[in-house]
Amino acid sequence: MRDAYHEELDSIGEGLVEMARLVGSAIGRATTAILDADLKLAESVIAADEKVDDLQHDLEARAIALLARQQPVATDLRIVVTSLRMSADLERSGDLAQHVAKLARLRFPQTAVPGDLHATILEMGQLAQRLMAKAAEVVITKDVDLALQLEQDDDAMDMLHRTLFQHLMDDRWKHGIETAVDVTLLGRYYERFADHAVSVAKRVVYLVTGEHADEIAPPTAVDGS
């Protein structure tokens, strides 16, 4: 009975990893769709979000069933509750990738991104995908140091987000209000996606240590750095 219980706990973790990989792929494909005005790719991202939702619902049902049947305490309880919260973060990440794809579909056959911002949006999309891949690795390895590094990595996304706003506020902006709104939304989607990846990593820190990530010094924070 205990072996089956721990196998179920492990399967919940595997479900989280699968969700992270799916949403990481989704944000990468959505980025390509919006930059290339690729309607077919955008539609595939939108449709694929249903699988992420199904995984989240299944994981939630299994976690609640474990709580009811086993009434876990201490570390096991922390695993189940934290997993529920991580699945919510990942489901929202999938929604954000879908929002990017829906914007690509809305503007088709035009692109929502002006040529002079293609490089910035591409970098944001690639960074979002890398952050989620690292979050998946953290879920697998339970590596607290790697998890703490993720928040520092997210600083690069914040910088890119600020770069977008600098373009929008520039007096030389010539792409109109509609495009400004599109770019503002895109920046927000990527920034929030990165925040959810960081949140997943922070929850792993809590799962492993029982402490919140904000209470632990980052591994690279040394004097003189």
Side-chain angles (χ1 to χ4, degrees), residues 7-35 38-69 72 77-108 112 121 124-140 147 150 154 157 182 185-204 206-207:
E7 284 176 9
E8 188 67 15
L9 279 178
D10 289 343
S11 74
I12 288 173
E14 290 165 4
L16 290 170
V17 172
E18 185 176 1
M19 286 182 72
R21 288 174 174 164
L22 285 172
V23 301
S25 172
I27 198 68
R29 292 183 297 118
T31 301
T32 299
I34 201 148
L35 292 177
D38 187 330
L39 180 60
K40 184 177 180 180
L41 185 57
E43 294 285 10
S44 76
V45 174
I46 293 165
D49 188 57
E50 184 175 349
K51 184 173 182 181
V52 175
D53 292 342
D54 288 345
L55 277 169
Q56 199 245 346
H57 294 153
D58 177 64
L59 190 152
E60 187 177 75
R62 285 189 285 133
I64 291 171
L66 270 183
L67 288 172
R69 289 198 314 268
L77 177 61
R78 199 158 68 228
I79 290 171
V80 176
V81 173
T82 302
S83 296
L84 284 168
R85 291 172 176 167
M86 285 193 283
S87 74
D89 279 314
L90 293 168
E91 189 274 333
R92 292 185 191 112
S93 299
D95 288 345
L96 290 162
Q98 187 184 57
H99 291 338
V100 174
K102 284 182 174 179
L103 186 55
R105 182 175 66 181
L106 178 65
R107 298 301 176 215
F108 181 82
I121 293 298
M124 293 182 87
Q126 291 173 339
L127 178 57
Q129 195 167 5
R130 289 198 302 273
L131 286 168
M132 191 55 74
K134 188 174 284 190
E137 185 179 352
V138 167
V139 173
I140 294 169
L150 213 70
D154 182 49
M157 183 66 82
D182 288 346
L185 288 172
L186 279 174
R188 182 60 173 162
Y189 296 153
Y190 287 114
E191 189 262 343
R192 289 297 299 144
F193 187 98
D195 285 347
H196 284 303
V198 171
S199 180
V200 168
K202 283 183 171 182
R203 295 190 196 285
V204 172
Y206 177 70
L207 188 156

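The figures here come from the full heavy-atom set of this structure, side chains too, leaving out hydrogens, waters and symmetry mates.
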Note, [X] side chain near [Y] side chain (heavy atom, < 4.5 Å):
{"X": "Leu77", "Y": "Leu67", "value": "yes"}
{"X": "Leu207", "Y": "Met86", "value": "yes"}
{"X": "Asp49", "Y": "Asp95", "value": "yes"}
{"X": "Leu106", "Y": "Lys102", "value": "no"}
{"X": "Arg107", "Y": "Asp182", "value": "yes"}
{"X": "Leu131", "Y": "Leu150", "value": "yes"}
{"X": "Ile12", "Y": "Leu66", "value": "yes"}
{"X": "Leu22", "Y": "Ser25", "value": "no"}

Residues that Thr31 engages under side chain to side chain donor-acceptor pair (under 3.5 Å), provided they are two or more places apart: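 Testing Thr31 for side chain to side chain donor-acceptor pair (under 3.5 Å), a comparison that skips the adjacent residues, returns Tyr190.
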
Asp38: partners by side chain to side chain donor-acceptor pair (under 3.5 Å), with sequence neighbours left out: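 Side chain to side chain donor-acceptor pair (under 3.5 Å) check on Asp38 returns nothing, list empty.
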
Using every non-hydrogen atom in the two residues, find where [X] and [Y] come nearest and quote the distance to one decimal.
{"X": "Ala194", "Y": "Asp154", "result": "CB-OD1, 3.2 Å"}
{"X": "Ser87", "Y": "Met19", "result": "O-CE, 3.5 Å"}
{"X": "Arg203", "Y": "Thr82", "result": "O-CG2, 3.3 Å"}
{"X": "Ala101", "Y": "Ala30", "result": "N-CB, 4.0 Å"}
{"X": "Ala97", "Y": "Val45", "result": "O-CG1, 4.0 Å"}
{"X": "Ala135", "Y": "Val200", "result": "CB-CG1, 4.2 Å"}

Is it true that Asp195 and Arg192 have a side-chain N and a carboxylate O under 4.0 angstrom from each other?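 Yes, this pair counts.
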
Are the charged groups of Arg188 and Glu191 less than 4.0 angstrom apart, N to O?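 Judged by the 4.0 Å cut-off on N to carboxylate O distance, Arg188 and Glu191 do form a salt bridge.
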
Atom [atom1] in [X], atom [atom2] in [Y]: separation rounded to 0.5 Å?
{"X": "Phe193", "Y": "Met157", "atom1": "CZ", "atom2": "CE", "result": "8.5 Å"}
{"X": "Leu96", "Y": "Glu91", "atom1": "CG", "atom2": "CD", "result": "9.5 Å"}
{"X": "Leu103", "Y": "Leu185", "atom1": "CG", "atom2": "CG", "result": "6.5 Å"}
{"X": "Leu16", "Y": "Leu55", "atom1": "CG", "atom2": "CG", "result": "9.5 Å"}
{"X": "His99", "Y": "Arg92", "atom1": "NE2", "atom2": "CZ", "result": "11.5 Å"}
{"X": "Leu9", "Y": "Arg62", "atom1": "CG", "atom2": "CZ", "result": "10.5 Å"}

Expected output: side-chain Ser199 to main-chain His196 donor-acceptor under 3.5 Å: no

Evaluate salt bridge (charged side-chain N to carboxylate O under 4.0 Å, His left out) for Arg85 paired with Asp89, printing each intermediate quantity in order. CA-CA 6 Å; Arg85 291 172 176 167; Asp89 279 314; over 6 Å; no

For side-chain contact (heavy atoms from CB on, under 4.5 Å), just list the numbers for Ser93 and Ile27, CA-CA rounded to whole Å, side-chain angles, deciding distance to a tenth of an Å, and then say yes or no. CA-CA 8 Å; Ser93 299; Ile27 198 68; over 6 Å; no

With sequence neighbours excluded, residues passing ring-ring contact (aromatic ring centres under 6.0 Å, His included) with Tyr206: His212

